[in-house]
Amino acid sequence: MNRQAKAHRARIGLLGGSFDPIHCAHLELAHSARQELGLDAVWLIPAGEPWQRDPLAASPAQRKAMVQLAIEGRAGLLACDLELRRQGPSYTIDTLHELQATHPDTDFVFILGADQLSNLITWNGWEDIAARVDIAVARRPGHADNAPPALLDALARGGHRLHRLRMDAIDLSATRVRERIAQGKPLAGLVPGDVARYIEDHHLYSNPTPHGHS
C-alpha cells in the first residue's frame, strides 16, 4: 500500500517571482524544469509583497492577469495566486507550509535562478525550505550557480537535493522589459504577444523603475 501511494504522488514545480512583467525567460525556465525533472506541472506564483524588493509597478491583479495570459494554452503551466491572497510580506516558507498542508500527496520542487541561489540563505526560514523540498536552479548570465555549503548541508539533512538545470542562460529580465517599454521600443521576443498587448492596453511601465532583475 505504501509503495502504491508513493508511486502516485504528484511532482509539482513552484516558480515564484514578481512577474512585473512575466517574460519569455520565465516561460522557458518553467518548461525546461518540467521536462528535465519529469514534473507533472509547474505552478507560477506571483509574489504579493516581495520583502526583499522595492514596491512593484503593476498591481497584484495586473500581474496575475499577465501570468494567466502568458501561460494560456501552454500544457503543464498553471497560475497560483496564493501569495496574492495573503496579507503582508510574501515569504516562500509560508507558501510551502500552506501548499504542503493542502496537498499532502504532492512533492514540490522549488525553482529559482542562479542569481537567487547564493542569496537564499538570507531568506526567512531558509533552513525549513531546504528541509521540505528539492531545489532546482537555472543559469543566469553573470551569476555562478554555486550553492552556499550551508544550503547543501541543510538539503542533505532533509533528504533533498539541488538540481542544476541544463537550459542555457537567457539574458532577459523584467528590468530590461520595463526599460524597453519606457523607451518606446518593441517587445517582440521578450514577452508573449498577449502580454505585450495587455501592457499596452493598460499603459503599464511607461516610466522606468529601479527594480532588480527578475
Side-chain angles (χ1 to χ4, degrees), residues 1-19 26 29-53 67 76-140 143-167 169 212-214:
M1 178 65 72
N2 288 339
R3 286 195 299 270
Q4 184 180 19
K6 185 175 179 61
H8 286 86
R9 290 181 68 84
R11 296 191 73 224
I12 301 295
L14 303 176
L15 177 56
S18 62
F19 300 127
H26 292 134
L29 174 53
H31 281 299
S32 294
R34 185 179 178 228
Q35 182 175 32
E36 290 186 37
L37 302 179
L39 303 174
D40 294 289
V42 173
W43 296 354
L44 287 83
I45 308 175
E49 297 178 24
W51 66 282
Q52 288 187 327
R53 298 285 297 275
V67 169
L77 302 189
L78 300 171
C80 174
D81 66 354
L82 185 154
E83 293 190 359
L84 299 180
R85 293 184 277 106
R86 183 191 304 142
Q87 297 297 314
S90 295
Y91 295 117
T92 296
I93 190 56
D94 294 337
T95 300
L96 289 179
H97 282 166
E98 187 168 343
L99 289 176
Q100 290 181 325
T102 55
H103 299 80
D105 297 326
T106 298
D107 293 324
F108 292 104
V109 179
F110 186 62
I111 304 166
L112 46 67
D115 54 321
Q116 297 173 303
L117 184 63
S118 62
N119 192 46
L120 198 148
I121 58 174
T122 70
W123 292 14
N124 187 56
W126 71 269
E127 288 180 290
D128 197 6
I129 295 173
R132 289 175 173 273
V133 294
D134 283 9
I135 294 174
V137 60
R139 299 182 183 94
R140 288 293 300 269
H143 296 274
D145 64 354
N146 299 324
L151 175 60
L152 294 177
D153 290 344
L155 285 167
R157 287 196 303 272
H160 296 289
R161 58 175 294 194
L162 177 68
H163 305 271
R164 289 183 168 85
L165 300 175
R166 297 188 299 272
M167 66 172 281
H213 292 274
S214 59

Using the salt bridge (Lys or Arg N to Asp or Glu O under 4.0 Å) rule, collect all pairs that involve residues 117-127, keeping only residues at least two apart or in two chains.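 Salt bridge (Lys or Arg N to Asp or Glu O under 4.0 Å) check on residues 117-127 returns Glu127-Arg157.
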Does anything in residues 37-47 pair up under salt bridge (Lys or Arg N to Asp or Glu O under 4.0 Å), and if so which pairs, sequence neighbours excluded? none
Considering all heavy atoms, the nearest [X]-[Y] contact:
| X | Y | answer |
| --- | --- | --- |
| Gly113 | Val137 | C-CG2, 3.8 Å |
| Ile111 | Gly13 | CD1-CA, 3.9 Å |
| Trp123 | Leu112 | CH2-CD2, 4.3 Å |
| Leu155 | Ala130 | CD2-O, 3.6 Å |
| Leu15 | Ala30 | CD2-CB, 4.1 Å |

Run the ring-ring contact (aromatic ring centres under 6.0 Å, His included) test against His103 and tell me which residues pass, sequence neighbours left out. Trp43
Should [X] and [Y] count as side-chain neighbours, where that means a heavy-atom distance under 4.5 Å?
| X | Y | answer |
| --- | --- | --- |
| Thr92 | Leu14 | no |
| Leu117 | His143 | no |
| His26 | Val67 | no |
| Glu36 | His163 | no |
| Val109 | Val42 | no |

Which residues satisfy the side chain to side chain contact (heavy atoms under 4.5 Å, CB included) test with His31, sequence neighbours excluded?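 Here the qualifying residues are Arg74, Leu77.
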Ala169: which residues meet the side chain to side chain contact (heavy atoms under 4.5 Å, CB included) condition with it, sequence neighbours left out? Arg139, Pro141
To the nearest 0.5 Å, what is the distance between CH2 on Trp126 and CG on Asn119? 12.0 Å
Keeping [X] on the side-chain end and [Y] on the backbone end, is there a donor-acceptor pair under 3.5 Å?
| X | Y | result |
| --- | --- | --- |
| His160 | Arg132 | yes |
| Thr106 | Ala10 | no |
| Gln35 | Ser32 | no |

Residues in side-chain hydrogen bond (donor to acceptor under 3.5 Å, both in side chains) with Arg166, at least two apart?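 side-chain hydrogen bond (donor to acceptor under 3.5 Å, both in side chains) check on Arg166 returns nothing, list empty.
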The residue among Asp134, Ile135, Leu151 that forms side-chain contact (heavy atoms from CB on, under 4.5 Å) with Leu162 is Ile135
